[in-house]
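So that the names make sense, note that chain A is the first sequence line, chain B the second, and so on, each numbered from 1.
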Number of protein chains: 2
Amino acid sequence: MSAFDVSRIHDLGAAIPRDLNARTSSGAPCGACPVRGLTFCAPLEERELAEVARIVKHLTIPAGQPLFDEGEPARHVFSVTEGAMKVYKLLPDGRRQVTGFLFSGDFLGLAHNESYAYSAEAMVGTSLCRFGRSELEGLLERFPQMERRLLHMASHELAVAQDQMLLLGRKTAKEKIASFLLMLSRRQELRGQSANPIALPMSRTDIGDYLGLTTETVSRTFTQLKTAGEIALLSGNRVEVADSGGLARLAEGEGL
Amino acid sequence: MSAFDVSRIHDLGAAIPRDLNARTSSGAPCGACPVRGLTFCAPLEERELAEVARIVKHLTIPAGQPLFDEGEPARHVFSVTEGAMKVYKLLPDGRRQVTGFLFSGDFLGLAHNESYAYSAEAMVGTSLCRFGRSELEGLLERFPQMERRLLHMASHELAVAQDQMLLLGRKTAKEKIASFLLMLSRRQELRGQSANPIALPMSRTDIGDYLGLTTETVSRTFTQLKTAGEIALLSGNRVEVADSGGLARLAEGEGL
DNA sequence: CTATAGCCTTGACCTATGTCAAAGCGGAGA
DNA sequence: TCTCCGCTTTGACATAGGTCAAGGCTATAG
């Protein structure tokens, strides 16, 4: 896959300008945001979006570029509008844990203290909305429904994190890979894309660091699943799932 | 340790009645809540606490008793006032991941959908405040600072969950145990207790299910740390840390 | 069209941790 | 104070997954 070809992994089509008053600082209207329904802007009315547009800055970063690093002062929060990112934590000796993959509609940068708790890096060319922390706080004060939405999103993230703990602590390599593929598939659907085939914008190393495995084990497990007829590896780092029910049973350790 | 002896693990002393108007349904005044500063009630003024007292129900459960099970309709949220609980998720074949240990001041039961995402069980006799979900929502609507506090607490939980992912995915058994002990020590301090010795109200099996290890490995690793002079195992399931700096370095994989 | 650099896959071997089994031991109740 | 019972510890052995080491593809750049 071309590292810069965003469309391969996010295919919602271009934003259709509707000539609303609300415009971001770089000119894109929030009212035309293709992923608004997924973001924390969802509960706002079009009139209120103007307030958002006033404080938002739109930015685009190329594949492989870091957005921020763990420990850096947390001055901004971000919302992914297009592309794909990974967030991760490091141990002093370089061991890495990818704590999440982010796609359009996902939120990042919320920190409970003054600095980011993890690093964030684009895996393909990625577009984001950026909010100053204090400006966002003002916004949350004015629009309580936005704060409620954010709390709801955080609760969801928490549930996802607990699932990931179960995966990391108690699942086998095969169960981890099966769970991972299903997670990506479901998220594609949530973004309005088809559940199958599944796009993998991340490397085997990234997948390993997300699942608590090595590159080699990830690769071997993909091969096993392919040999067993569970999946097919397509060109462009895509995976076709033969029987999602079977994969789901595999993911929960219920054999096949 | 006596399974019912709460004081062993939580020693803030008895609540001192201050004769405030705010009282819980079982008579205990919220104004005298010994852990109020730690809970989501913290930002409320005494006058506002009366509202909380009106909808709260105080309850006490014995060691080993479940509070709720994963998948059950999430009708209530809870705040631990005294004692210790564990929350966990199960795989169909019985494999278990303990996703957290809860002590006084901790919040549980927040669900982003209609049912609980995990099971909760008391490890020692435990007291909790219970809130009906809809009543709590009304409260959050009236007191936005409470909702902000809840968002802040959720962000903190999220950061803790990411640390736990790093632990589960990338740390060795020795690093996991060291991290675990430090976490308990710090939380004791946050609750106003001494950092050392550390009380372990949970079984070796619980610790293993929290750290992604078996009982045997947990036990062997404690023995190793004891032999290395890092810790001492005291009576009553307590652990004395010889040098917390050394343990901290161990926890991050920086040798000793 | 061809070269090239970076993934990805595969193989052989190793080890941290799991599994199975059997003693210790401490605390709750009599 | 004594007696169990359940948890913890320890030992011997097994294995999933890690490590080290070659190749093999594939997609961009020239």
Visitor: Could you write out each protein N or O paired with an N or O of nucleotides 4-8 of chain D at a distance under 3.5 Å?
Guide:
from, atom 1, to, atom 2, distance (Å)
D:dT8, OP1, B:Arg204, N, 3.4
D:dT8, OP2, B:Arg204, N, 3.0

Visitor: Is it true that the NZ or CZ of B:Arg130 lies under 6.0 Å from the centre of B:Phe78's six-membered ring and within 45 degrees of the ring axis?
Guide: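 No, B:Arg130 does not sit over the ring of B:Phe78.
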Visitor: Decide yes or no for A:Glu230 and A:Leu247: does some side-chain heavy atom of the first lie under 4.5 Å from some side-chain heavy atom of the second?
Guide: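 Answer yes - side chains close enough.
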Visitor: Between B:Leu200 (CG) and C:dG27 (C1'), how many Å, whole number?
Guide: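 Nearest whole value for this atom pair: 16 Å.
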Visitor: Under 3.5 Å between N/O atoms: give me all the protein pairs with nucleotides 18-21 of chain C, atom names plus distance.
Guide:
from, atom 1, to, atom 2, distance (Å)
C:dG18, OP1, B:Gly212, O, 3.4
C:dG18, OP2, B:Thr214, N, 3.3
C:dG18, OP2, B:Thr214, OG1, 3.2
C:dG18, OP2, B:Thr217, OG1, 2.5
C:dT19, O4, B:Arg220, NH2, 2.7
C:dC20, N4, B:Glu216, OE2, 2.9

Visitor: Mind checking if A:Leu233 touches a base, just sugar-phosphate, or nothing, with heavy atoms under 4.0 Å?
Guide: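 Here A:Leu233 touches the backbone only, sparing every base.
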Visitor: Quantify the bending of the helix from C:dC1-D:dG30 to C:dA30-D:dT1 as the angle between its end axes, each fitted on five pairs, to 10°.
Guide: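 The angle separating the two end axes equals 50°.
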Visitor: To the nearest angstrom, how far is A:Arg95 atom CZ from D:dG18 atom C1'?
Guide: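 My rounded result for the distance is 13 Å.
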Visitor: Between P on C:dT9 and CD1 on A:Ile177, what's the gap in Å once rounded to a whole number?
Guide: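 A:Ile177 atom CD1 is separated from C:dT9 atom P by 10 Å.
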Visitor: For B:Lys174 and C:dT15, what is the distance between atoms NZ and C1' respectively, to the nearest whole Å?
Guide: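 My rounded result for the distance is 15 Å.
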Visitor: If we count only N and O atoms by modelled type, under 3.5 Å, do the side chains of A:Thr39 and A:Ser79 hold a donor and an acceptor together?
Guide: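 A:Ser79 and A:Thr39 do not have a side-chain donor-acceptor pair below 3.5 Å.
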Visitor: Any base atoms under 4.0 Å from A:Ser235, or only sugar-phosphate, or nothing? Heavy atoms, all strands.
Guide: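 Nothing, no heavy atom under 4.0 Å.
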Visitor: How many Å lie between CD on A:Gln224 and C1' on C:dT9, as a whole number?
Guide: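 Answer to the nearest Å: 13 Å.
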Visitor: Taking it one step at a time, do A:Glu82 and A:Arg191 satisfy salt bridge (charged side-chain N to carboxylate O under 4.0 Å, His left out)?
Guide: CA-CA 11 Å; A:Glu82 200 173 22; A:Arg191 278 176 277 132; over 6 Å; no
Visitor: Pair A:Asp163, B:Lys89 - check salt bridge (charged side-chain N to carboxylate O under 4.0 Å, His left out), show working.
Guide: CA-CA 8 Å; A:Asp163 279 339; B:Lys89 295 176 73 84; 3.0 Å; yes
Visitor: Quick one: closest heavy-atom pair of B:Leu182 and B:Ala251, and the distance?
Guide: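 In this case the closest contact between B:Leu182 and B:Ala251 is CD1-CB, 3.9 Å.
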Visitor: Could you check if a side-chain atom of B:Glu189 sits within less than 4.5 angstrom of a side-chain atom of B:Ser194, using non-hydrogen atoms only?
Guide: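 A side-chain contact is absent here, since even the closest heavy-atom pair is not under 4.5 Å.
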Visitor: Between the side chains of A:Glu216 and A:Arg204, is the shortest nitrogen-to-carboxylate-oxygen separation below 4.0 Å, so that they form an ion pair?
Guide: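 Salt bridge between A:Arg204 and A:Glu216, a charged N being under 4.0 Å from a carboxylate O: no.
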Visitor: Roughly how far apart are B:Lys226 NZ and B:Thr223 OG1, rounded to 0.5 Å?
Guide: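 Result: 5.5 Å between the selected atoms.
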Visitor: Mind checking whether A:Glu240 and A:Asn196 have side chains closer than 4.5 Å, heavy atoms only?
Guide: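 With C-beta onward as the side chain, the pair touches.
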Visitor: Would you mind reading off the distance between A:Asp209 atom CG and D:dG18 atom P, rounded to a whole angstrom?
Guide: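 After rounding, the gap between these two atoms is 11 Å.
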Visitor: Going from OG1 on A:Thr126 to CE on A:Met85, what distance comes out if it is rounded to the nearest 0.5 angstrom?
Guide: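 The distance works out to 5.5 Å.
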Visitor: Side chain of B:Ala173: nearest nucleotide among C:dG27, C:dT17, D:dT10?
Guide: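 So the side chain of B:Ala173 is nearest to C:dT17.
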